[in-house]
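One structure is given below, encoded as structure tokens.
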Amino acid sequence: MKKWLPYILFASTVLSVTTLLATSANGQEHEGQEPFPKVENPAWHSECSGCHMLYHPALLPARSWKKIMDGLDRHFGENASLDAAQREEITRFLTSHAADRQSNARSRRIVQSIPPDDTPLRFSSTLYFIAHHDEIPNTLYQRKSIGSASHCSACHRGAEQGEFSESTVRIPR
Amino acid sequence: MRNLFASCLCLVALNAPAAPFQDLLRQYETQARQENPAFSGFSPERGKRFYEEKRVASSGRQSGCFDCHSPDPAQSGKTHANKIIDPMAVSANPKRFTDLQKTEKWFRRNCADLIGRACTAQEKGDFIEFLAHYK
């Protein structure tokens, strides 16, 4: 019986150290890799995906969504105005699921990357976006299959469902 | 008996539902008569000129209907944010002009952007008349 003890101790130590390492590595990888929580609102879905991909509310802080929704008649150079009832409903939905109302790691880091006195209208202008795309040359965005940096779903196929993990990126030709 | 059968067929033919865009055209026609007592109908030729006219958008960009909707309205268009727009021509997209609310929403936005004012019922009717019969 005593003869077995060191072996058992050794084996269990190796096992627990390996498990610990795997968990921490995994934990680190998963931080910021988990998808945004699933959200749905029919007005948001239909009205905010008519002209561009559907942007998840967890990408920008509430103050950004408010500013965007207050300027829909001059929305990135185009008139995207809504009737008052729909505008208010969608604003409520966006602000209540905004990055600064989220507990996921990615949203927290997005918010941390925005100076408190700044209200970005484009996610692609945040330091978070810039830091995470520093290896992407501007010419790549100009490919016909992509168009611009605002077309997340060209490479992040699950972007509209809030899925941005690096392992699912497929850059089109 | 044969006569009765024939006249029944006739009635069925007469009652065949009109194309949905006709509903919209009728509504714009009523409005156009109110806007202009001398209204004399919609014209696909005027609608075509309207669609093809080069304009300056409120953003300062050279633009026009054809810019996003494709110069050939039977083809799909593309927004500036890379989203496909289904064809405007009813022959290529039967859902076009079947929903007054949707049609009005886009006239409201795009007329403000491209002409700087609301479109008249005459302009809307001409536009639909052109696209409803475009092959």
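Everything numeric in this text was worked out from a predicted model, so none of it was measured. Here is the naming used below: chain letters follow the sequence lines, and residue numbers restart at 1 for every chain.
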**OP:** Using non-hydrogen atoms and a 4.5 Å limit, figure out which bit of A:Ser150 sits close to chain B: side chain, backbone, both or neither.
**Re:** neither
Which pair of non-hydrogen atoms, one from [X] and one from [Y], has the smallest distance, and what is that distance?
X	Y	value
A:His52	B:Ala81	CB-CB, 3.6 Å
A:Ile146	B:Asn82	O-ND2, 3.3 Å
A:Asp83	B:Arg108	N-NH2, 4.5 Å
A:Asn79	B:Asp113	N-OD2, 2.8 Å

Original post:
Should A:Ser49 and B:Lys83 count as side-chain neighbours, where that means a heavy-atom distance under 4.5 Å?
Top reply: yes
Can you confirm whether [X] is buried at [atom1], in the sense that more than 12 heavy atoms of other residues, nucleotides or ligands lie under 6.0 Å from that atom?
X	atom1	value
A:Glu40	CD	yes
B:Lys48	NZ	no
B:Arg55	CZ	yes

When clusters are formed by joining ILVMFWY residues with side-chain heavy atoms under 4.5 Å apart, either directly or through shared neighbours, do [X] and [Y] land in the same one?
X	Y	answer
A:Val169	A:Leu140	yes
B:Val90	B:Ile85	no
B:Phe97	B:Leu100	yes

Subject >> For chain B, the option from A:Lys144, A:Arg74, A:Met53, A:Glu47 that forms the most heavy-atom pairs under 4.5 Å >> reply: A:Glu47
Subject >> Heavy-atom pair count under 4.5 Å with chain B, highest-scoring of A:Cys51, A:Ser153, A:Ala80, A:Ala154 >> reply: A:Cys51
